[in-house]
Structures are given as C-alpha cells and as structure tokens.
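Encoded as structure tokens, the structure appears first; notes follow it.
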Amino acid sequence: MEDSQKKLAEHSGKSRLEKIGKTISFLCIAFIVFVVLSILYFVASKGIATFTKDGVSLIDFLTGKIWNPGSIGENGKPLTGALPMIAGSFIVTLLAAAVATPFAIGAAIFMTEISPTVGKKILQPVIELLVGIPSVVYGFIGLSVVVPFMRNTFGGSGFGIISAAIVLFVMILPTVTSMSVDTLKSVPRYYREASLALGATRWQTIYKVVLRSATPGLLTAVVFGMARAFGEALAVQMVIGNAALMPTNLITPASTLTSILTMNMGNTVMGTLENNVLWSLALILLVMALFFNILTRWIGKKGAMN
Amino acid sequence: MSKVTIKELNLFYGKFQALHNINLPILKNEITAFIGPSGCGKSTLIKSLNRMNDLVEGCTISGEVKMDDENIYAKECNINLLRKRVGMVFQQPNPFPMSIYDNIAYGPRTHGIKNKQIVDELVEKSLRKAAIWEEVKDDLKKNALSLSGGQQQRICIARALAVDPEVLLMDEPTSALDPISTAKIEELVIGLKKDYTLVIVTHNMQQASRISDKTAFFLNGKIIEYDETRKIFTNPKKQETEDYISGRFG
Ligand SMILES: Nc1ncnc2c1ncn2[C@@H]1O[C@H](COP(=O)(O)OP(=O)(O)OP(=O)(O)O)[C@@H](O)[C@H]1O
Ligand SMILES: [Mg+2]
C-alpha cells in the first residue's frame, strides 16, 4: 500500500519527459512569436515613418495617382501616390481569383465526385507537383509564352495586367484546387447517401448538398489563393511591365505593390523618404495579409456556426 | 399482399458473397423486421431494396427484386424514381446541415416541386407524420443539426416521407438514441404502417417483437427463418433462431 503511494507521488520517467517536451515546445513558440512581433514592429515603424518623419499625408499616399518619390510635386510634397500599385495589386488578384475559382472547383468536383480513381492516381500528383514549382518558373513561362502571345494578339508590349493575371491564375490554380479537394473530401459521406436515397441525381447531390455544405471551405480556398496572388512578387514583376501608372486598361504596362517593391528596394538608401515609402508599401501588404488571414478565420467560424 | 418480392437474390462484394439465395416477401402495410448477429447481411439486403448498393464499388447482384411486379434491377428501371418510391432512414441521424424546413423540402424540390405553398404544406404534413411538428413548428428556420439526436432522427423520417414513398427502409433507426426517443420512434413507426410498407433492421429483440408483424432471421448471409413475429419469438422452428433470440449467441 505504502509502496504504491510512494510510487504515485514520485515523478515517473514519463512525466519528466512530458515536462521537457512542454518546455521545448514553449521555447519554440516563444521564439516564433518573438520573430513575428519583431517583423511587425520593424515594418510598421519604418512604414509609418513616411507619415510621421517625412510628413507625407496618409490620404495623399493612398489616393495619389503619381508615383515618383524622388521628385517634388506642385504642392511642394514628394510624389508618393501609391494608388496605381494598390489598384494594380487588387485588379490582378481579383482577376486571377475570378478565373481560377470555377476551374479549381470544377477540377475538385471531378477529382472527388466524378472520378476519384483518376483523381487520386493522376491529378493529385500533378497538382502537388504544380504547387511545388517555384514562382520564378511561372514568371519565366509567362515571359516567354504569355507576353509574346498578348503582344501578337493585342499589340503593344505584351506586358500588362492581363499577362500578370494569367500567370497568377495558373500559379494559384493548383493551390486552390487542392484545398478545394480537401474540403469536398471532408464532406461526410452520409450527406451524399441521404441525398441519393431521396432519389436525387448525382448532380443534384453535388450541387445542393456537397457544394453547399462545403461553401465555407471553398471560400477559404479562394481567399487563400487571393492572398497568394496578392503577395506574389517575382512572377508578376516579370510580366506586368512595372510602370507605376494608373492602370487604364489590361494590356499596357502597370505595376503592383510587390513588383514596385522588388524593383526598387535595392536602389534606395535606408532612412530616406524613397526608402521609407517602400516600407509603407510593405506595410500595406502586411495589413492585407492580416486581412486575408482574418477573413479565412471569420469564414471558418461562420461555417462552423451554420 | 406482397409489396416487394425478393427472389433468388445473391450479392457479392468483390469475391465475398454477402447474401445467399434470398427469397422473401415484404408484405404491404406491414412492418417486416430483419434480425440477426452483426455482419450477417441485414444492411446489405435492406440496401439492395433501394439500390444503394450500386454505390459500392465491386458489388454485383444476381436474382430479382420485384416491387409491384416491376423488377427494380431491370435495365430500364429509373433509379432516382425507385429511390423516391423506397425511402430510407439511416442508423446515424443524418440531417443535412441546413434549416429544418430546407431538410424536409429537399426531396420535393429535388423532384421538381417549386410552388412554395405546396412545399409548405408538404413540410408541415411530413413533420406531423413524423411526430415532430409540435416541437419544431416555431423554429423551422433553425439548423437541423442543432436538434437532439432523437429529434434529428424524426426529421430524417419526415424528410424521407416528404417525397411520398411507398416503402420505408430503416436500418437500426434507434440504435443511436436514448430509450425515450426510441419509444417515440417506435410509436411513430407503428402509426406509419397504415400508409406505408416498412422494413426495419434492429438488434433490439424487444423492439422487433413490439413493433413488427413479420420477422426474418439472418445468419451468415442466409435467411434462416421467416414467419409471423409472434411465432418467431414464441415458437421458432429452427434451433439457430431460438439460440439467437434467447441470447445464446450473436
Ligand atoms: N462495402 C462493403 N464492401 C465489402 N464488404 C462489405 C461491405 N459492406 C458490408 N460488407 C460485408 O458484408 C457482410 C454483411 O454486412 P452488413 O453490413 O450487411 O451486415 P449487418 O447484418 O448489417 O451487420 P450489423 O448488424 O453490424 O450492421 C459483412 O461480412 C461485411 O463485412
Ligand atoms: Mg448493418
């Protein structure tokens, strides 16, 4: 009796191991949190300096249409209008997502509902491969295929929003597809059975039950794709033309937040206005990333409630 | 009168034969119970009455299942129409993640009823038949998944009734429920007899003897005995049947 009591009171090897594990994982988390907070602080402090130190007004920055931070405008202030890039980023993202969504959901339906064996054996590996291709490759293909095609079809240089949107569409398609597949797969089989047992056809079942109950997950997939498109720099920069001009059509050179950032970050001096406004662009990207993140969480919560 | 007649039915899952030469009548406006130990083929047989087995890959069937003289395994048989005529209630309550109203309206809408007033009426009628109208009538917009298990199962019964089936198959409909919900559903099932032909799979001997008119006892994919429920439970002809209902195996 006493023996067993002692044993219970004693720290066993297992519980010690548990403690060590807990400590290690706590340290890892603490480290990650520290890094994230540092990045946030760094970008924010630099990005805000444009407005606090250099005296640019936030309104001018967000709504100004002329981007030339090196020179002074008529009102005596530097030309730091970021609207062309903000608009460019949103337009390419929305276009890419708008085209990718039906394709991705269609492919996902095929892979889960119509032909799971082909889906599993052929499409799944292909998509996984596509997800893993580095973005510079997509950009390169865009540069050598899409841009010339646009040039021949619409004239001009071929660089522009449409080329960027196409490259982004191809790039996010596999991600959105594979997330959609996971979502459709997680729709319980018994929903499908219940629908079929009522005499519904396969399409009715897919449309009215499977897609409907998968909607939150599919939205999350699309938002995820948008986040990726919004943040993509290299591939976009290679095909959009990088002219910091208000986009007036889809086939002339334009720019996005990321493309201007990557183009210019090596050419400015730390602490100057030219450098600080780039950080302000980065801050917008960060805020958008946060926004996409919150959006997916919100969708998830809404989905769980329904 | 026989509503459904099963003749020389053999069913294979791949190479494994799950049903051996089944011959069985399902009588109209009666409750037929399938009993037998786990894995003996009760679910398999009940699912071959509305061709849900078609969904199982590698499942092959020979023989005949006739519903009112029409072979449901004939090539020209319309499966969607068949499943409308032969409703099914599953072991786990499985309402759709939608409102109560949309759950019940799903079937009628699927079969082309668009008129809101007709759908409204069907929803109310079906919920009443499933003895759940009083509990949910003020809350038809509520998500069906927020109901209790017993209520969900009655929603599923109402959902099945809404397409106006002739036969209702129930595979262990109360095995996931508490005794009170079970009693409610048993009462409800007995009440459905006058309008429908019912088949119920159950592991609960009392349940089978309480509610069914005929009982078929299964063992290893064969029907060992089929008779009036009263006879099966008081005076079985086969030793295996007696052993099973007296709880000696299974
Ligand atoms: N989809 C399937 N593929 C292969 N074998 C199956 C499949 N479904 C059932 N079986 C097999 O067929 C036999 C009969 O199964 P069935 O589900 O009809 O039994 P049951 O009588 O309903 O049992 P329980 O009382 O446990 O529900 C079992 O041996 C089972 O392993
Ligand atoms: Mg079963």
Side-chain angles (χ1 to χ4, degrees), chain A residues 105 108-124 180-221 296 298-306, chain B residues 43 46-47 49-57 78-99 102-112 126 141-146 152-153 155-165 167-171:
Chain A
I105 293 176
I109 288 174
F110 180 83
M111 289 169 66
T112 53
E113 312 292 323
I114 315 280
S115 186
T117 36
V118 176
K120 207 179 190 173
K121 282 205 184 111
I122 303 170
L123 292 175
Q124 189 86 29
S180 302
V181 168
D182 291 342
T183 305
L184 294 190
K185 272 193 188 151
S186 70
V187 173
R189 200 169 46 102
Y190 50 75
Y191 288 163
R192 297 182 177 88
E193 283 178 351
S195 169
L196 293 169
L198 286 166
T201 63
R202 194 150 71 149
W203 279 113
Q204 287 172 326
T205 302
I206 291 173
Y207 179 70
K208 291 182 166 181
V209 177
V210 178
L211 287 185
R212 184 166 163 172
S213 62
T215 305
L218 295 174
L219 277 177
T220 305
T296 51
W298 182 77
I299 292 170
K301 249 203 210 129
K302 278 290 249 190
M305 269 187 326
N306 280 330
Chain B
S43 299
I46 208 173
K47 280 194 290 179
L49 301 183
N50 64 346
R51 295 191 58 173
M52 286 302 274
N53 277 326
D54 290 16
L55 303 178
V56 179
E57 217 169 302
N78 177 335
I79 297 190
N80 304 112
L81 211 59
L82 168 73
R83 291 186 185 144
K84 179 181 176 304
R85 295 173 66 194
V86 184
M88 184 157 203
V89 176
F90 297 80
Q91 178 172 5
Q92 279 296 330
N94 59 354
F96 299 125
M98 310 170 183
S99 70
D102 285 340
N103 261 281
I104 313 301
Y106 182 85
R109 284 174 178 159
T110 302
H111 292 286
S126 311
K141 289 272 160 285
K142 202 160 108 177
N143 192 315
L145 294 180
S146 63
Q152 287 187 20
Q153 193 63 302
I155 292 289
C156 291
I157 294 174
R159 181 177 65 184
L161 296 180
V163 294
D164 195 24
V167 180
L168 193 60
L169 311 173
M170 310 179 114
D171 193 349

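The chains referred to below are lettered A, B, ... by the order of the sequence lines, with proteins before strands, and numbering in each begins at 1. What you are looking at is a predicted structure, and each value in this text was computed from that prediction instead of being measured.
The nearest pair of heavy atoms linking B/Met52 to A/Glu193 is CE-O, 3.4 Å. Taking each heavy atom of B/Met98 and A/Lys208 in turn, the nearest pair found is CE-O, 3.5 Å.
Contacts of B/Arg85 with chain A are absent, with no heavy-atom separation under 4.5 Å from either backbone or side chain. For a residue to count as touching a neighbouring chain, one of its non-hydrogen atoms must lie under 4.5 Å from one of that chain's; by this rule B/Arg109 touches chain A with backbone and side chain alike. The part of B/Pro95 that comes within reach of chain A is its backbone (N, CA, C, O), which places non-hydrogen atoms under 4.5 angstrom from that chain. Heavy-atom distances place no part of B/Val89 under 4.5 Å from chain A, backbone and side chain included. If you measure heavy-atom distances from A/Arg192 to chain B, you find no contacts under 4.5 Å at all.
Partners of B/Phe96 by ring pair (Phe, Tyr, Trp, His ring centres under 6.0 Å), not counting sequence neighbours, listed by chain and number: B/Tyr106.
Near-neighbour residues of residues 196-205 of chain A relative to chain B, defined by a heavy atom under 4.5 Å from a heavy atom of that chain, comprise A/Leu196, A/Ala197, A/Leu198, A/Gly199, A/Ala200, A/Thr201, A/Gln204, A/Thr205.
Here B/Asn94 is the residue among B/Asn78, B/Asn94, B/Asp102, B/Leu81 with the most heavy-atom pairs under 4.5 Å with chain A.
The side-chain heavy atoms of A/Arg189 and B/Leu55, taken from C-beta on, include no pair separated by under 4.5 Å.
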